[in-house]
Amino acid sequence: MGYKAKDIEKKWQEIWLKNKAFEPSKDYTKPKKYILSMFPYPSGRIHMGHVRNYTIGDALARHYRKMGYNVLHPIGFDSFGMPAENAAITHKIHPKIWTYDNIDYMKKELFSLGFSFSRKKILATSDPIYTKFEQEIFIKMLEKGLVYTKEALVNWCETDQTVLANEQVEDGKCWRCGHEVIQKKMPGYYVKITAYAEELLKDLKKLENKWPNQVLIMQENWIGKSLGLELAFELDEEAKKQSFVDKFEVFTTRADTIYGVSYVALAPEHEIVANLLKNNALDEKTTQAIKTIQNQSPKQRQMNDKEGYFLGIYALHPLTKEKIPIWVANFVLADYGSGAVMAVPAHDERDYDFALKYGLEIKKVISSKDAKENEAYTQKNGILINSDIFNNLECNEARAKIIAHFEKLGLGKSVINYKLRDWGVSRQRYWGCPIPMVHCKDCGIVSEKIENLPITLPEDIVITGEGNPLEKHPTWKLCKCPKCGKDALRETDTLDTFFESSWYYARFASDEDTWQEVALDKQSTEYWLGVDQYIGGIEHAILHLLYARFFQKALRDLGYLKNDEPFDQLLTQGMVLKDGRKMSKSWGNVVEPDFIINLYGADTARLFTLFAAPPAKELDWNDDALEGAYRFLCRLWDRALKLEGKKLESIVQEKLNKEEKYARLKVFEAAKKGEEVFEKSFALNTLIAACMEALNALNAAKNENLELEGFYIILNLLEPIVPHIAYELSNRLFGCENFQKIKLIDEVFIKDSFSIGVSINGKKRAELEINAHLSQDEIINEAKQSVKKWLEGKELLKEIYVEKKLVNLVVK
Ligand code: ANZ
Ligand code: ZN
C-alpha cells in the first residue's frame with residue numbers, strides 16, 4: 001500500500017492529542033527549553049510565512065523533547081487590532097465574532113500541520129482574562145511613573161482616524177493604509193521607555209552572538225545615544241525685544257567646531273519661532289511657509305529638500321560675541337536635543353548644503369590633509385585652526401577641552417541624548433484593550449480599582465470607520481470615580497496592540513492553572529524564562545523586540561519577573577518569495593498552505609519548507625521542489641515497508657565490507673549532523689541532505705539488516721521535520737511510540753583512509769588523503785581534480801593507479 005499522507009497524519013495527530021504528548025511537565029527540577037515562534041495575528045487563514053515560522057520552531061521543540069528536555073512550545077493569537085474593525089465595516093460582522101471565528105479556523109490549520117504546541121496554553125490577547133492582567137500591569141506601570149499622560153504632537157492618520165507611533169509611520173505614510181500622516185496635538189498616554197534607554201542599549205552586549213547582528217545594530221541606532229555639549233546662545237538686544245526670549249540652548253556632538261558656527265537654525269516649533277509668529281513679526285510669505293512645515297511629519301520633512309528662512313534676528317556667539325544670524329529650518333527636529341542647532345557648514349554636510357543654498361558663510365576650523373575643496377570636511381580628526389586659544393590642538397582633545405571650558409564658565413554642560421522617544425500607546429479604536437482610567441471632575445485622571453478589572457468592551461457597538469466607537473457609545477463611558485464615588489467618565493482610548501504582544505511570552509511561561517488568579521506566577525515564570533529560542537520575522541527587529549525587552553525590564557522592576565532579557569536567542573527567518581517577490585496578497589502570488597496539505601500532506605509541506613533554504617535565508621517557492629519533497633517521502637515509505645516484519649540483528653563492524661562500512665558511516669554522520677544543526681547552525685536543510693545521502697549509500701550497500709538499522713536512525717532524525725511519517729514507519733518497523741536521543745558508535749567513525757601521491761608524467765604534483773571506501777574510479781577522479789590546473793589544455797593519454805600509493809597521469 002502506497003504512502004497516504006492524510007490517513008497517517010490524522011491518525012498521529014489524534015494519538016498525540018489523546019496522549020497529551022506535548023504538554024510540558026510541572027517538574028521544575030528538569031532541564032528545560034522554552035521554544036517560541038512569534039504568535040500570529042488572526043487574519044483569517046495561515047499563510048506560507050506562518051508555515052515556515054512554525055515549522056522551524058516545531059522542529060526545534062521536537063528535537064529538544066527527544067534530547068530529554070522539558071519543553072514549553074506554546075501558541076496563541078495577537079487578537080486585538082484594526083483589521084477586525086475593518087472587517088466589521090466591510091462585511092458587517094462584529095469584530096469579536098470575526099476574530100474568534102478566525103482563531104478557530106487557524107487553530108485547526110495549525111494543528112493539521114502536526115505542530116507540537118501545548119493545548120493547555122493557548123491564549124488570545126483579546127480574552128477578558130488577558131485584558132484583566134494587562135490593565136493591572138498598566139496601572140502598576142503608571143504608579144511607578146512608567147506611564148504618564150501628556151499633550152503632544154502626534155502622527156495622525158485621517159483615514160484610520162487614529163494616532164500612530166513613530167514606528168508605524170513609514171516614509172511619512174500610515175503603515176497600514178498608506179495614507180499621508182499629519183501632525184496633530186492630542187492628549188495621550190505614554191510609556192516611559194526612555195527611562196530604560198541606557199539599559200536597553202547596554203544589554204545589547206549580552207545578546208551578541210545570540211541575536212542576529214543586524215537586529216542588534218538596528219536597535220542600537222534606534223536608541224541612538226549621543227554624547228555632547230549643551231550650551232546657551234544669548235540673543236542680541238533687538239532680538240530679545242522681538243522674541244521675548246533672552247537665550248536658547250543648542251545640543252552639539254562637535255564642541256570642537258564651536259568657532260566655525262556661522263548661523264543657528266531652529267525647529268519650526270521652537271519657542272522663539274512661535275513668539276515671532278504670534279507677534280506677526282515675520283512677513284506673510286515666511287509665516288505661511290513655516291506653517292506648512294509645521295504640518296508635516298518629521299519623516300516628511302526629512303524626505304523634502306532642505307528649506308529655511310532667516311528670522312531677521314541675531315544671537316551672540318558665546319565665546320567671540322560675534323553676531324550670528326538666526327534661521328528656522330525644516331531639518332531641525334523639534335523634539336531632539338533642544339530643537340536648535342549651531343550650524344557649522346565647513347564640517348557638516350547638511351549645514352554645508354544649506355549654507356550654499358542660502359549664501360551663508362563657511363568658516364573652516366579644522367585642517368587636515370584629507371580635506372577637499374568644495375566639500376564639508378566631516379571627519380573627527382585633524383588640527384584646530386581659527387579657534388583662538390584652542391588652535392593647534394587635535395580635534396578630540398580640543399572637544400574635551402572646549403566642553404570643560406564651557407562648564408567652567410557656566411555656559412554649558414556635557415549631556416547625553418537619545419533618539420529613542422517615549423511610546424505613545426493611546427489609540428482611538430474599539431477593538432483593543434481599554435485603558436483602565438477614569439476622568440473625574442474633582443480628582444482628575446484616576447486609575448480604576450484593581451478589583452474592578454477587567455474593564456471590558458461593550459458588545460453593542462456601531463462601527464462606521466469614523467471616530468472612536470467607544471466615545472460614541474451612549475452609556476459605556478459613564479461610571480463612578482474610583483476615588484470619590486461621584487459621576488465620572490471612562491477613558492475611551494484603547495491600547496496600542498503592541499502592548500499585548502510585549503508580555504505574552506511571559507504569560508505563556510506562567511502556570512496555566514493559575515491564569516485566572518495571577519498575571520504572572522513566580523515559580524513557573526522563574527523556571528521557564530527566558531525564552532531559549534525565539535523565532536520570527538526580521539520586520540519586528542525594532543518595534544516588537546524593543547518593546548518586549550522594555551517590558552521584561554519594567555516587569556522585573558515591578559517585582560513580576562526576574563530576568564533582564566526576555567529572549568536568550570533569536571532566529572529571524574527569511575521571507576517566503578515566489579517569482580522573486582514576497583509572497584503576498586497584493587502581488588497575487590500566494591500559495592495556500594491548505595492547498596498543499598490537501599494535495600500532498602503536512603509532512604511534504606514541512607519537508608519542502610525546511611529543505612528549500614536554511615531558515616535565516618529567503619525561501620523561493622518552487623513547485624518542482626515541492627513535488628520532489630513528496631516523491632522523497634513516497635520512496636522512503638516504500639523502502640521502509642519492504643523491511644516490515646524483519647528483526648534488527650546486532651551488527652559487527654569488522655565484518656562489514658567496504659560499501660557497508662561507508663553506508664553505516666553516512667548514517668552516523670547524519671546523526672552527528674543532527675546535533676550540530678539543531679543546537680548551532682539551524683541549517684536543517686543540510687541535515688535533510690545528509691539523511692538523503694545516507695539512504696543512497698544504504699541502497700548501494702544492499703544489506704537488509706544494515707538498512708534496518710539505518711532506518712531506525714534516519715526516521716529518528718527526520719522526526720522533527722516530518723513527524724507523521726516518521727512516527728508511522730518507526731511504529732510499524734520497530735514498535736516505537738516515541739523517540740530518544742541516538743547513541744553514536746565510535747568505531748563507525750574510525751578513520752579509514754590512506755594517502756597517495758598524484759603525479760603528471762612522473763613528476764609529483766599533489767598528496768591526497770583518500771577515503772578507503774572509494775572505488776578505483778573515484779580515487780582517480782579525485783586525483784585528477786587535485787591537479788586540474790596542470791591538466792588544462794593537455795591531452796590525457798593514460799591513468800596509472802598503483803594501489804594505495806600513487807596515481808600517475810600521462811599527458812601530451
Ligand atoms: C554642531 C555640529 C558640527 C554638529 C558638526 C555636527 C557636526 P547625533 O550625533 O545624531 O546626536 N542637532 C542637534 N540637535 C538637533 C535637532 N534638534 N535637529 C537636528 N539636528 C540637531 O547629532 C547631533 C548633531 O545634530 C549635533 O551636533 C547638531 O549638529 C545636530 F561639524 O552641532 B552638531
Ligand atoms: Zn473623583
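Remember, it's 1-based here, ligands and their atoms both numbered in the order they're listed.
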Heavy atom of the protein closest to [atom] (residue, atom name, distance):
atom                    : answer
atom 24 (C) of ligand 1 : T253 OG1, 3.9 Å
atom 5 (C) of ligand 1  : R254 CG, 3.5 Å
atom 19 (C) of ligand 1 : F331 O, 3.6 Å
atom 28 (C) of ligand 1 : F251 O, 3.5 Å

Is the [X] to [Y] ring centre distance short of 6.0 Å?
X    : Y    : value
Y148 : Y189 : no
F551 : F499 : yes
W327 : F354 : yes
Y547 : W423 : yes
H405 : F390 : yes

Can you check whether [X] has an N/O within less than 3.5 Å of an N/O in ligand 1?
X    : answer
Y336 : yes
D351 : no
T252 : yes
S226 : yes
H347 : no

Query raised in the report: Quick one: does G339 get a heavy atom under 4.0 Å from ligand 1?
Result: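 Contact present.
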Query raised in the report: Can you tell me if V332 has a non-hydrogen atom under 4.0 Å from ligand 1?
Result: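 It does, in that a heavy atom of V332 comes within the 4.0 Å cut-off of ligand 1.
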Query raised in the report: What atoms of ligand 1 come within less than 4.0 Å of a heavy atom belonging to T257?
Result: 3 (C), 31 (F)
Query raised in the report: Charged N to carboxylate O below 4.0 Å: is that the case for K185 and E151?
Result: no
Query - Pi-cation contact, Y190 with K150 (under 6.0 Å, within 45°) - result: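 Judged by the rule, K150 and Y190 form a cation-pi pair.
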**Report entry** Ring-face cation of K419 near Y336 (centre distance under 6.0 Å, axis angle within 45°)
**Finding:**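 Geometry flag: set, cation within 6.0 Å and 45°.
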Query raised in the report: Nearest non-hydrogen atom to atom 16 (C) of ligand 1 belongs to which of L229, V264, L333?
Result: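 Going through L229, V264, L333 one by one, L333 has the nearest heavy atom to atom 16 (C) of ligand 1.
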Report task. Indicate whether any N or O donor in one side chain lies under 3.5 Å from an N or O acceptor in the other, for Y259 and T320. Result -> no
Pick one of side chain, backbone, both or neither for how [X] approaches ligand 1, counting any non-hydrogen atom pair under 4.0 Å.
X    : answer
V341 : side chain
R350 : side chain
K419 : side chain

Query raised in the report: Which heavy atom of R427 sits nearest a heavy atom of D496, and at what distance?
Result: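 It is NH2-OD2, 3.0 Å.
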